[in-house]
Amino acid sequence: MRVLSCKFLGRVVNSALPQIIISLRSLSRTSAAMVKVGDSLPAVDLFEDSPANKINTGDLVNGKKVIIFGVPGAFTPGCSKTHLPGYVSSADELKSKQGVDEIVCVSVNDPFVMSAWGKEHGASGKVRLLADPAGGFTKALDVTIDLPPLGGVRSKRYSLVVENGKVTELNVEPDGTGLSCSLANNIGKK
């Protein structure tokens, strides 16, 4: 560990470089805690199809029952083979049997990628694909995961049910990336 000796207001202050870095990093972060059942869903702008089409999550869930699920990335194997297709194929049943108004998939991707991914999986009218390009929504929920091979900060896999703005069900994969509790067939099982 490298120790620095700094002059600060006329006195010498010894400090460890790693502690300084950690302190500076903590200043740049919000003190978010993972969203939990009973919390209000954070109101954050997401994007659908293009950067010109903002969708505010507060408006999206107001007066509705909405399933939101998050994935690490569009076109990734688990997301494309299992996660999104499960919600697309279960959409009609979730809407009719559980009274769900909308199903939304969120990923830290750009809106063009999310749109193309939705088209490839026939999601239109079943699952809305919303982009969280800077990770603002993902950070507000405190479900970020650092995945350098996918570009850095991404979303953990999760699903949540929101009724009139309040989270009523939350399922976050224990390892952040697995495919178990956040799948469509687990909604409403708690």
Side-chain angles (χ1 to χ4, degrees), residues 30 32 34-37 39-62 64-88 90-91 94-95 100-147 150-163 165-173 176-179 181-184 186-187:
T30 61
M34 186 180 291
V35 69
K36 56 190 175 304
V37 171
D39 288 351
S40 294
L41 189 73
V44 177
D45 289 334
L46 299 175
F47 301 89
E48 188 170 37
D49 299 323
S50 80
N53 192 14
K54 278 186 194 177
I55 307 295
N56 185 276
T57 56
D59 297 336
L60 177 72
V61 300
N62 188 25
K64 297 184 211 170
K65 183 175 183 180
V66 180
I67 295 171
I68 300 174
F69 68 101
V71 297
F75 293 105
T76 58
C79 303
S80 293
K81 291 178 186 171
T82 306
H83 218 169
L84 177 59
Y87 280 94
V88 170
S90 300
L94 288 167
K95 289 176 180 179
V100 172
D101 296 298
E102 289 201 70
I103 302 169
V104 175
C105 176
V106 176
S107 184
V108 180
N109 281 109
D110 71 64
F112 301 114
V113 168
M114 292 296 283
S115 179
W117 190 42
K119 287 176 185 163
E120 182 171 301
H121 287 278
S124 182
K126 295 178 182 259
V127 176
R128 291 177 76 177
L129 281 89
L130 301 183
D132 186 16
F137 183 68
T138 302
K139 290 172 188 170
L141 294 177
D142 194 26
V143 290
T144 61
I145 187 168
D146 189 19
L147 297 171
L150 297 183
V153 174
R154 293 297 183 135
S155 175
K156 293 178 181 179
R157 282 189 206 280
Y158 67 87
S159 64
L160 53 89
V161 178
V162 182
E163 295 185 50
K166 298 281 185 192
V167 176
T168 59
E169 181 179 334
L170 174 64
N171 307 294
V172 180
E173 294 296 341
T177 61
L179 285 161
C181 68
S182 65
L183 297 174
N186 290 320
I187 297 292

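All values derive from a computational prediction rather than experimental measurement.
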Nearest-0.5 Å distance, [atom1] of residue [X] to [atom2] of residue [Y]:
X: Ile103; Y: Ser90; atom1: CD1; atom2: OG; value: 7.5 Å
X: Arg154; Y: Thr76; atom1: CZ; atom2: OG1; value: 8.5 Å
X: Leu94; Y: Asp101; atom1: CG; atom2: CG; value: 12.0 Å
X: Glu173; Y: Leu179; atom1: CD; atom2: CG; value: 6.5 Å
X: Asp142; Y: Tyr158; atom1: CG; atom2: OH; value: 11.5 Å
X: Ile145; Y: Ser155; atom1: CD1; atom2: OG; value: 9.0 Å

Original post:
Residues in ring pair (Phe, Tyr, Trp, His ring centres under 6.0 Å) with Phe69, at least two apart?
Top reply: His83, Tyr87
**OP:** Could you go through the side-chain contact (heavy atoms from CB on, under 4.5 Å) check for Ser159 and Ile68 one step at a time?
**Re:** CA-CA 6 Å; Ser159 64; Ile68 300 174; over 6 Å; no
Original post:
Of the non-hydrogen atoms in Phe137 and Pro42, which two are nearest, and what is the gap between them?
Top reply: CE1-O, 3.9 Å
Original post:
What pair of heavy atoms forms the shortest contact from Thr57 to Ala43, and how long is it?
Top reply: OG1-CA, 3.3 Å
Original post:
Just checking, any donor-acceptor pair under 3.5 angstrom between side chains of Ser40 and Lys166?
Top reply: yes
Original post:
Side chains of Ser182 and Asn171: is there a donor and an acceptor less than 3.5 Å apart?
Top reply: no
Subject >> Donor-acceptor under 3.5 Å (Asn53 side chain, Glu48 main chain) >> reply: yes
Original post:
Taking Asp132 for the side chain and Leu46 for the main chain, is one N or O donor matched with an acceptor at less than 3.5 Å?
Top reply: no
**OP:** Using salt bridge (Lys or Arg N to Asp or Glu O under 4.0 Å) as the criterion, list what pairs up with Lys126, not counting sequence neighbours.
**Re:** Asp92
For residues 114-123, tabulate all N or O donor-acceptor pairs below 3.5 Å that involve a side-chain atom, not counting sequence neighbours.
unit_1, atom_1, unit_2, atom_2, d
Ser115, OG, Asp49, OD1, 3.1
Trp117, NE1, Ser80, OG, 2.9
Trp117, NE1, His121, NE2, 3.4

